[in-house]
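Beneath this line is the structure, given in structure tokens, with notes to follow.
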Amino acid sequence: MELLLQLAKNGVIIGLLYGLFAYGMSLIIATSGVLHFAHGLTLAGSAYSFWFFLQDQDLGVFVAILGALAVGGLLGILVELGIYRPLRRIQATDMVFLVASLSVLTLGQAALIFIFGTDPKAVTPTAFLRWSTDVGPFNVRMWDLLIIGASALAFTALYLLQRHTSVGLSFRAVGDNPHRAQTLGIKLQRTYVWVFLAGSLVAVLPGMLLAVQNPVTPSMGFDLLIKAVIALVVGGIGSMPGALLGGVLIGVVESVAVYWLPTEWSEFTLYALLFIFVIARPQGLTKGALRTA
Amino acid sequence: MPKRTRRFAAVAVAAALGLTACGGGSGSGGGSASGGNDTYKMGVAMALSGANAALGQDFVRFIQYGVDDANKQYASDNFKIEMVSEDTQATAEAGLNALNKLATVESVPAVFTAWSAVVKAMAPASEDLGVALFNIGANSPDLEGAGANLRNFFPLASVDVRAVATYMAKEKGAKKAAIIRVNNATGEGAAKVYKDAFEKAGGKVVATETIEQDAVDASSQVAKVLAAKPDTIHVQTLLGESSAVMKALQEQGAKVPITTYSGVGEAVAVRQASGDALNGVIYTTLGGAKVTDPKVKELVARFVKDQGREPAGISYDVYMYDSVFFYAEIIKKLRANGDEVNGKNILKLVDSQRDFSNLPLEGSTSFTHAGTVIKDVILKKIEDASKNPGEDPEVVTIKP
């Protein structure tokens, strides 16, 4: 029983990480309709930036966080302005957006190799990051607390942004009906830039969290991207709470399944869950609302 | 909207599966062809892109050092070696493409490669293509006898994993062992060897857990392993996921001896990312060239001067460098005998000669009847992961 509880706790934590990554993607999909696979590049780029400022340049954690946020936000805006906006102008189909996004991800990985080389970059763990303790049946790590803290921060900030700011309200209006939003005076292009900025800033958080736990590699966003897509389908594509719920659900399923099954089956359980949702409940847990790009 | 939602979900699923299939990177190596009767191509198939490119690109650099030096050494024999490299991405599919290109387009007589999944995939195809296939950096035990044209220049895990398993059971008195392994051919093969050897030595493997390559978290695997209350834990993982395993072991308070192999213990990125979670870990290295050897040190210094950093896996790199001299010796002998340098003749010569004593770093190597090599196994202990692996003290040398 103790093991089951520990596995469930591990699942919630890793699920929050998936959810955090999916959350930014979901915000972008809900508003712009783009399935933004290049989000994986934002994650990897911000992780490299975090490593660069913290480990390579030794500029301290505060500068490293700001640097990673700046790079992550900039990457999101650049992809919107340089790729998606021209595609929107020519009324490209969803499939074209998808292929463009995948191309950006692949090209971006090549660019990271060109800039940083292929050898993995590692952040040396400090005593602060290594801290862990036992609480009842649970082993609680500093990494767990950082993930919980980052998730709470991101979810609260985006909730407040969407409920109480004109920019956030414009996200919802554009996501609901872009043509109607435009007739109400909302500038679509500006809203898209804002949403890519906000969504990308959220992706910086898992980027930094991964950088302090594992070596940073150009392909590091890939595994998480797949999990995020599964989380989006399970939670409801385009639904903000759905991204969180989907992330946590797949984290728990992946982790708890190995209580009864060999660990090599954990990914199988995720894909089984994915197909169950696609066939039986394609709208996901929360009936995600989405529109075309 | 349900129709559109369903369509969008289907696109997302297809894309997710596509992402899974296409892996983490792309790109290719390259090589140049040359004419000249006295220039012999050396086909090299390594991971030049993707998650394992850090190791693969270093491997190619060390092979190129070997080519440069061997060409000087064998200049008086009137032949030169030219490396032609292709990218395998450390995957079976890309590996087969690389082999096909090297054999059919570049017409190389021999291909030198690494990564167990790649070697395994290439082994039957090399027979069809008529090229000699040399494994110079993969250690899955089932590579023994995997193909008629395959010879394992690199010692398989059946050597070092068997040695460490037996040592922990017999010398350290461990009765129960647990294994955490990467979910691929390397991990599966090594785990089987460990289990067989440990249980043959009187112990019992009470848990074997797998982790996906490049996984970001290993806490569930470690929780399961610790729940089985082993006396020792063996970790057989690759570069990307190793630090997650080591950190999880430390965070969950693993107190038992942890063993692994040089691919983890000597990897600079793993040591840096794991920090003191690696301290106390025992890892295997193979006899022959040691990182403290002046010749190896000289080669490392050359690499550091060129690249501005330490090589990612020096235990492997010495085999990369030496493999060129091994190939040069074969070419020299075949030329002396008046034989054509082709796949068939290369294999025939390796099988008849078996002992090669011209290797600058390893000194010599001997092939068994099964096309494998056997080495002494040295166990080393990491006392301070922030230091260079060369400073790790030796625990014991185990004779084969």
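Every value quoted in this text rests on a predicted model; they were computed, and no experiment measured them.
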Handout entry: Contacting region of A/Leu261 [heavy-atom separation from chain B under 4.5 Å]
Key = backbone

Handout entry: Side chain, backbone, both or neither of A/Val140 within contact of chain B (heavy atoms, under 4.5 Å)
Key = neither

Which atoms of [X] are under 4.5 Å from chain A, going by heavy atoms: the side chain, the backbone, both sets, or neither?
X        : answer
B/Arg309 : side chain
B/Glu212 : side chain
B/Ala223 : both
B/Ser274 : backbone
B/Ala215 : backbone

Minimum heavy-atom separation for [X] to [Y], with atom names?
X        : Y        : value
B/Glu251 : A/Ser132 : O-OG, 3.1 Å
A/Leu3   : B/Ala227 : CD2-CB, 4.0 Å
A/Trp143 : B/Asp217 : CZ3-OD1, 3.8 Å
B/Ser220 : A/Val258 : CB-CG2, 4.4 Å

Fill in the blank from the handout: Residue from B/Ser243, B/Gly275, B/Ala207 scoring the most non-hydrogen pairs under 4.5 Å with chain A is B/Ser243

Problem - Option that, when pairs with chain A are counted at under 4.5 Å, heavy atom only, ranks first among B/Leu55, B/Thr208, B/Asp276 - result: B/Asp276

Problem - Within 6.0 angstrom of B/Lys192 NZ, more than 12 heavy atoms from elsewhere - result: no

Exercise for the section: Give a yes or no on whether A/Glu2 atom CD has more than 12 heavy-atom contacts from other residues, nucleotides or ligands under 6.0 Å away. Expected result: no

Atom [atom1] of [X] and atom [atom2] of [Y]: how far apart are they, to the nearest 0.5 Å?
X        : Y        : atom1 : atom2 : answer
A/Asn214 : B/Lys247 : CG    : NZ    : 6.5 Å
B/Leu48  : A/Ile113 : CG    : CD1   : 10.0 Å
B/Ser219 : A/Asn139 : OG    : CG    : 8.5 Å
B/Asp214 : A/Met220 : CG    : CE    : 10.0 Å

Exercise for the section: Decide yes or no for B/Gln250 and A/Arg141: does some side-chain heavy atom of the first lie under 4.5 Å from some side-chain heavy atom of the second? Expected result: no

Practice task
Report yes if the side chains of B/Val216 and A/Gln213 come closer than 4.5 Å at any heavy-atom pair, otherwise no.
Solution key: no

Practice task
Scan side-chain atoms only and decide if A/Thr263 and B/Glu209 contain a donor-acceptor pair under the 3.5 Å cut-off.
Solution key: yes

Exercise for the section: Under 4.5 Å, counting heavy-atom pairs only, tell me which of A/Pro262, A/Pro215, A/Gly40 racks up the most with chain B. Expected result: A/Pro215

Exercise for the section: Would you mind telling me which of A/Ile13, A/Thr124, A/Asp134, A/Thr133 has the largest number of heavy-atom pairs within less than 4.5 Å of chain B? Expected result: A/Thr124

Practice task
Output yes when a side-chain donor or acceptor of B/Thr210 lies under 3.5 Å from a complementary backbone atom of A/Glu264, and no otherwise.
Solution key: yes

